[in-house]
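The residues of the chain are indexed from 1 along the displayed sequence.
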Amino acid sequence: MTTAAPARSRPVQRVTAQPGFSRWLVPPAALAIHMCIGQVYASSVYRDAIQVHFDASHTAIGIIFSLAIVMLGLSAALFGTWVDRNGPRRAILASTVFWVSGFVIGSVGIFTSQLWLVYLGYGVIGGIGLGIGYIAPVSTLIKWFPDRPGMGTGMAIMGFGVGAMVASPLSTFFMNLYNGGAPESGEVHSGQSVGFLFLTLAGLYLVMMLFAAWIVRVPEAGWAPSGFEPSNSKKSSMISQRNVTANMAIRTPQFWLLWIVLFVNVTAGIGILEQANAFVRDFFRGDDGSTVIAAAAAAGFVAFLSLTNTLGRFIWASTSDKIGRKQIYMVYLGLGALLYFSLAAWGNVSMALFVVLAGVILSFYGGGFATIPAYLRDLFGTLQVGAIHGRLLTAWACAGIAGPLIVNSFLDAAGGEPGTLTASDYRPALYTMVGLLAVGFIANLLVRPVKEKFSVEHSPSSDSVDTRKPQEDPGRDTTVTPAGPPPVPVAVAWVIVGTPIAYGFIYTIINGAQLFTN
């Protein structure tokens, strides 16, 4: 007697890991996708070329990046539940389609001189890919690393910082290639070279993101790493033993307190990052308008900040596993406020002091991004942490607008033209960041454990219907790739993602050294 097949158009496959699968194969998948979408932080490399090509204003070209960041936050919020319900592979594939299509459509816009196509492609469609790709591996890593969730998510989100470190020199190389050489002094790359760069990046990212989708797996229900026993773990009132759905989480004060925390931390970091090149030169400008910082040294400062931003994502997130998430955010926000105040008051006294203060501040910026998923997991459980994380990322979208707006508004009010600004022109913006960080510090202090009435176990509702599928079958997927033993050895996967990481770090260290040699 045979059993009737399920009424589906194609057989359901699983991406649940089988016995013998190493959890250390999942971080390379997460790093691969985050390295690809992290390219958005390297868009300044070709910004001037696009601006000249379209004969557009700074604001008109800046909209491209702003659209991408806004769409990242919105798509992460809108598709977060879908990502949790359908698993990491389908999410990575969806991200791949949007992200790669964004580059292709953007290139068509450049070749045809239609700026609106660049808005639509890279800004809107690519931004959707950014949001889905950013949250795709988060909940999976938390499930694979219940003993070290901060380290697990830190490894993935570190890849976002690495993505810019790799994409910046890579983009310059290809633009020089397609431009017929580096542009002469005072000139920029041709728009055509940027168009071909977009197509090249689309091809490279397509391969890397498909590789990530191919090797990713989710653990079986009830899986735990060897030697890990949750009941024997150190108990903390801040770590919930229950689950809260995404729809219920946004009704809690804890969600909105963390929204404020993330918004403040990101706003303060972008305050430096967005103006990094001019920031260091203006801070050491004399009354006669001259600066002691050469252009090469300023570029080295930007590279240095990229490095500290990236390292902070892994180091501080891993540290949070030891001292707790609430405590590490007290460091990010409390110590961060003191460092910002010191930078404003005494940063121009010593170049070494300026570099150290800015580097630590940017490490807190990166650490805040990497720690927030584990903080959410502690408070709301693992059931829909990806969806909750997605909704919280709307704070990033808002901060991406607020941070540059605060700094640029004060600089505009100072009335100084580029090349004439000094440290005193930046101080009002920096002191404003100190005040914002103080607000974030207070918000973090107010975070308490989530009340049991918000959990799935205590508040059955229509939300629980949506959560049955991921609860009962978190690894179910309809893609063709079968699960089973690791598709590639762990060492091979790490070499594949480790090679561009090493390239990015070496290039950034060499470039950053110019800060101290010029």
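Between the side chain of W144 and the main chain of V26, no donor-acceptor pair closer than 3.5 Å is present. With D282 contributing its side chain and T422 its backbone, the two residues share no donor-acceptor pair below 3.5 Å. Side-chain atoms of R313 do not come within 3.5 Å of backbone N or O of G154 as any donor-acceptor pair. For the pair T153 (side chain) and G150 (backbone), a donor-acceptor distance under 3.5 Å is present. Y332 places no side-chain N or O within 3.5 Å of a backbone atom of Y365 that could act as its donor or acceptor partner. When atom types are taken as modelled, the side chain of Y340 and the backbone of A268 share a donor-acceptor pair closer than 3.5 angstrom. N265 places no side-chain N or O within 3.5 Å of a backbone atom of V261 that could act as its donor or acceptor partner. With hydrogens and angles disregarded, no donor-acceptor distance shorter than 3.5 Å links the side chain of Q51 to the backbone of I61. Put simply, the side chain of K326 gets close to the backbone of L445: a donor and an acceptor are under 3.5 Å apart. A side-chain donor-acceptor contact under 3.5 Å links Q254 to the backbone of P449.
Across L383 and D84, no two heavy atoms sit closer than the pair O-OD2, 4.1 Å. Nearest heavy-atom pair across S171 and L201 is OG-CD1, 4.2 Å. Scanning both residues, P27 and M155, for their nearest heavy atoms gives CG-CE, 3.7 Å. For the pair I270 and P404, the tightest heavy-atom approach, listed with the atom from each and the gap, is CG2-CD, 3.4 Å. Listed here is the closest heavy atom pair of Y431 and A344: CE2-CB, 3.6 Å. Residues V194 and A49 share a closest heavy-atom pair of CG2-CB, 3.7 Å.
Counting heavy atoms from C-beta on, the side chains of M433 and V407 come closer than 4.5 Å. The closest side-chain heavy-atom distance from F79 to S75 is below 4.5 Å. You'll find the side chain of L67 stays beyond 4.5 Å of the side chain of Y122, heavy atoms only. With a 4.5 Å cut-off on side-chain heavy atoms, P88 and V218 count as touching. Between Y375 and H389 the shortest side-chain heavy-atom distance does not fall below 4.5 Å. Side chains of F160 and M35 form no contact here, defined as non-hydrogen atoms less than 4.5 Å apart. With a 4.5 Å cut-off on side-chain heavy atoms, L392 and I388 do not count as touching. At a threshold of 4.5 Å between non-hydrogen side-chain atoms, the residues I157 and P373 count as touching.
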Is there a side-chain contact (heavy atoms from CB on, under 4.5 Å) between T319 and T371 once you walk through the steps?
-> CA-CA 9 Å; T319 302; T371 311; over 6 Å; no
Determine, step by step, whether Y134 and S95 satisfy the side-chain hydrogen bond (donor to acceptor under 3.5 Å, both in side chains) criterion, reporting the C-alpha distance in whole Å, the side-chain angles of both residues, the deciding distance to 0.1 Å, and the verdict.
-> CA-CA 9 Å; Y134 192 90; S95 174; over 6 Å; no
Show your working on ring-ring contact (aromatic ring centres under 6.0 Å, His included) between F279 and F354 and close with a plain yes or no.
-> CA-CA 11 Å; F279 184 44; F354 178 90; 5.4 Å; yes
In sequence, state the C-alpha distance, the side-chain angles, and the governing distance for M165 and T310, and then conclude on side-chain contact (heavy atoms from CB on, under 4.5 Å).
-> CA-CA 9 Å; M165 294 166 56; T310 300; 3.2 Å; yes
Could you walk me through whether V385 and S139 pass the side-chain contact (heavy atoms from CB on, under 4.5 Å) test, one step at a time?
-> CA-CA 6 Å; V385 67; S139 60; 3.6 Å; yes
Apply side-chain hydrogen bond (donor to acceptor under 3.5 Å, both in side chains) to the pair S363 and W316, showing each step before the final yes or no.
-> CA-CA 8 Å; S363 77; W316 295 121; 3.0 Å; yes
Given the rule in the ring-ring contact (aromatic ring centres under 6.0 Å, His included) test, do F263 and W259 qualify, once you have shown the distances and angles that lead to the verdict?
-> CA-CA 6 Å; F263 170 80; W259 195 98; 5.5 Å; yes
Report the C-alpha distance between N511 and F304 in whole Å, list the side-chain angles of each, state the deciding distance to 0.1 Å, and finish with yes or no for side-chain contact (heavy atoms from CB on, under 4.5 Å).
-> CA-CA 8 Å; N511 200 22; F304 172 74; over 6 Å; no
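With 3.5 Å as the limit, one finds a donor-acceptor pair spanning the side chains of R325 and S320.
You'll find the ring centres of Y46 and F198 inside the 6.0 Å limit.
Comment: R285 does not engage D425 in a salt bridge, judged by the lack of any side-chain N to carboxylate O separation of less than 4.0 angstrom. Taking the charged nitrogens against the carboxylate oxygens, D321 and R148 have no contact shorter than 4.0 Å, which rules out a salt bridge.
In this structure, R242 CZ and K451 NZ are separated by 15.5 Å, a value rounded to the nearest 0.5 Å. Taking CG of L93 as the reference point, atom CD1 of I33 lies at 9.0 Å (rounded to 0.5 Å). Here the CE-CG distance, from M208 to L31, works out to 10.0 Å after rounding to the nearest 0.5 Å. A distance of 12.5 Å separates CD1 in I125 from CG in L130, rounded to the nearest 0.5 Å.
Around CZ of F98, the count of heavy atoms belonging to other residues, nucleotides or ligands within 6.0 Å does not exceed 12.
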